[in-house]
Amino acid sequence: MQAKIQTSQILNLPEFDYQTPASKKDAVGLLFSSGGDAIISAGGTDLIPNMKNGTIKPKALISLSRLSPEKESITADGALRLDALSTLSDIAESPLIKLKVPTLANAAFHVGGQQIRNRATLGGNLCQDTRCLYLNQSHGFQFVDACYKRGGDCCYPYPAEKRVCRSVFMSDTAPVLISLGAQLVILSNSGEKGVDINDFYTGDGLKPLKLGSAEMISAILIPPESQKMQCHFVKATPRGGLEFAMVSVAIALKIDGPDKKCGKARIAVGSINTSPLRAFKAEQEIVGHNLNEAIAAEVARKVADEVKALPHHGYSKGYLKQLVEVHTKRSLTAMIYPKEPLTHETSD
Amino acid sequence: MKQAIELIINGETHDLFVASNVTLVEAIRDNVGLLGTKVGCDMGTCGACTVLLEGKPILSCITLAVECNGKEITTIEGVSDGVTLSNLQEAFVRKGGVQCGFCTPGMILSGTALLKKNSKPKVDEVAKALEGNLCRCTGYNRIIDAVLDASVSTSHLQDQGEK
Ligand SMILES: Cc1cc2nc3c(=O)[nH]c(=O)nc-3n(C[C@H](O)[C@H](O)[C@H](O)COP(=O)(O)OP(=O)(O)OC[C@H]3O[C@@H](n4cnc5c(N)ncnc54)[C@H](O)[C@@H]3O)c2cc1C
């Protein structure tokens, strides 16, 4: 071994204890006994950068690296069961997922680059921290006081507001799983419970997840009825690669018969607010109608009115609203007229 | 808290004693002394630190060394035998895919993994596979050309097989 030459550390990763439990049950046991000092590390692709820039400072990491995910499967009651530890590469390439819920494979395929997807897990994607231009900077470069989310007493983007954090939740898979009506299987010391993914996000940038400090997502269930719906996902980015979304839109529709009557609809919009947003009112407007281009345009306008965009990463509120409308309209049109070559999967 | 780990880098086993907050790239560069793997952003964005973990490209600057205990790692030093270049490396030379060279090790590893999985990728598949590797010099065209050029011959697969 050569002498230590230290050429490789630009950002400092603080010290922490490190444990590698042999099961998920042991992992939540360790979380519980740490009394809130420990945090799970799955792929670490969100966690390690956040620890390097000082956004989070856990005393201990409970690493899931020794555990291998279970293969995706169909349960006795027809639900598609995904292990939260599945990597995004696994999800993107799984024939079963591509067949049953192609929008999820598509969303996973558009997270980061292949190096990220090979490590990043589905559970980690759903539990990633919120982002803002201030927060995701290394603090040493900034010479400013910490913001609320870093334990300080101010907010740079919203200086007038008190103790509010409007950092944006940018998961690509969350809006898709919302559109698919997914259930999360949450594991803790007291066993498993099911949580509707609609109820999992708090909308509070300071604590975006409704997840106890000794709980983890163990699996994700997609009900059988959703597997039969038509689905669409768009991630709007400025370059088209290795980027977080400006806006993402995930839609699932039940379209029946030659009249294309809409029997059920779920519309979720990601990356524009502290949590993914669901357009419940617009969904009600579309159900029962025979779908056509005019309806698509009208519903898209309603979705854009209903979901409130926070300006983020340099994009103004008005621009984001327009993006929501345009991409919702294109998505709906592509779903209503599936033969048309209008699948804007990643758009420019 | 330091712990003993074993990294199998380019087929050679290295026994290291590292703290849990040491990243894989630090272990590779500082402990093992292989300096081909670069550190660019140190935040998982630029791809300069790309290495193969069990054959798959990953970012060694946001992966903890302790997480790789007992696993096989390929760095740029392991892509060829140190005398002859791999097919893809030759294609980079032929097509002018290298300018300052800082992104090149990561590009070669991402490209090598792509060609192993898909020996005849299309342009957009190459671009997608390289999206996590930033290059500030070439404008990417020559890099993409190089990967396409290397894909015409699949002899690199045998190169990899021998490793
Ligand atoms: C360059 C770059 C680009 C990126 N691009 C995107 C992108 O386009 N879209 C996107 O959505 N994300 C992106 N990310 C963020 C991140 O890589 C992904 O969200 C990834 O899926 C996180 O998964 P992970 O397993 O690495 O999570 P980790 O980093 O291991 O964990 C993230 C958080 O989730 C918690 N956690 C992990 N697993 C569980 C679980 N099973 N139960 C409960 N809590 C858990 C951890 O405690 C931690 O708080 C990017 C990151 C980088 C560095």
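This one's a predicted model, so the numbers in the text were calculated from it and none came from an experiment. In what follows, chains are A, B, ... by sequence order, proteins preceding strands, each numbered from 1.
Of the residues considered (A/Gly113, A/Pro49, A/Ser65, A/Gly241), A/Pro49 shows the highest number of contacts with chain B, using heavy-atom pairs under 4.5 Å. Contacts with chain A were tallied for B/Thr50, B/Leu130, B/Leu134; B/Thr50 has the most, counting heavy-atom pairs under 4.5 Å. In terms of heavy-atom pairs under 4.5 angstrom with chain A, the leader among B/Cys61, B/Cys41, B/Ala19 is B/Cys61. When each of B/Gly44, B/Ala129, B/Ala127 is scored by its heavy-atom pairs under 4.5 Å with chain A, the top score falls to B/Ala129. Most heavy-atom pairs under 4.5 Å with chain B: of the set A/Ser63, A/Gly43, A/Ser89, this distinction falls to A/Ser63.
For the 3.5 Å distance criterion, the side chains of B/Asn133 and A/Gln115 qualify, holding a donor opposite an acceptor.
Interface remark: B/Leu64 contributes side-chain atoms only to the contact with chain A (heavy atom separation under 4.5 Å). Proximity to chain B is limited to the side chain of A/Leu61, based on heavy atoms less than 4.5 angstrom apart. With a threshold of 4.5 angstrom between heavy atoms, B/Thr37 does not approach chain A through any atom at all. Of the two parts of A/Glu93, only the side chain, counted from C-beta on, holds a non-hydrogen atom closer than 4.5 Å to a non-hydrogen atom of chain B. When heavy atoms are compared at a cutoff of 4.5 Å, A/Arg66 does not approach chain B at all.
Checked for salt-bridge contact, B/Asp145 and B/Lys95 miss the test: no charged N lies under 4.0 Å from a carboxylate O. Under 4.0 Å is where a charged nitrogen must lie from a carboxylate oxygen, and between A/Asp90 and A/Lys71 no such pair does. Salt-bridge annotation for A/Lys57 and A/Asp37: absent, with no side-chain N of the basic residue lying under 4.0 Å from a carboxylate O of the acidic one. Checked for salt-bridge contact, B/Arg142 and B/Asp149 miss the test: no charged N lies under 4.0 Å from a carboxylate O. A salt bridge does not link B/Glu125 to B/Lys128: none of the charged side-chain nitrogens sits closer than 4.0 Å to a carboxylate oxygen.
Proximity of A/Phe16 to A/Pro58: side-chain heavy atoms (C-beta onward) are nowhere separated by under 4.5 Å.
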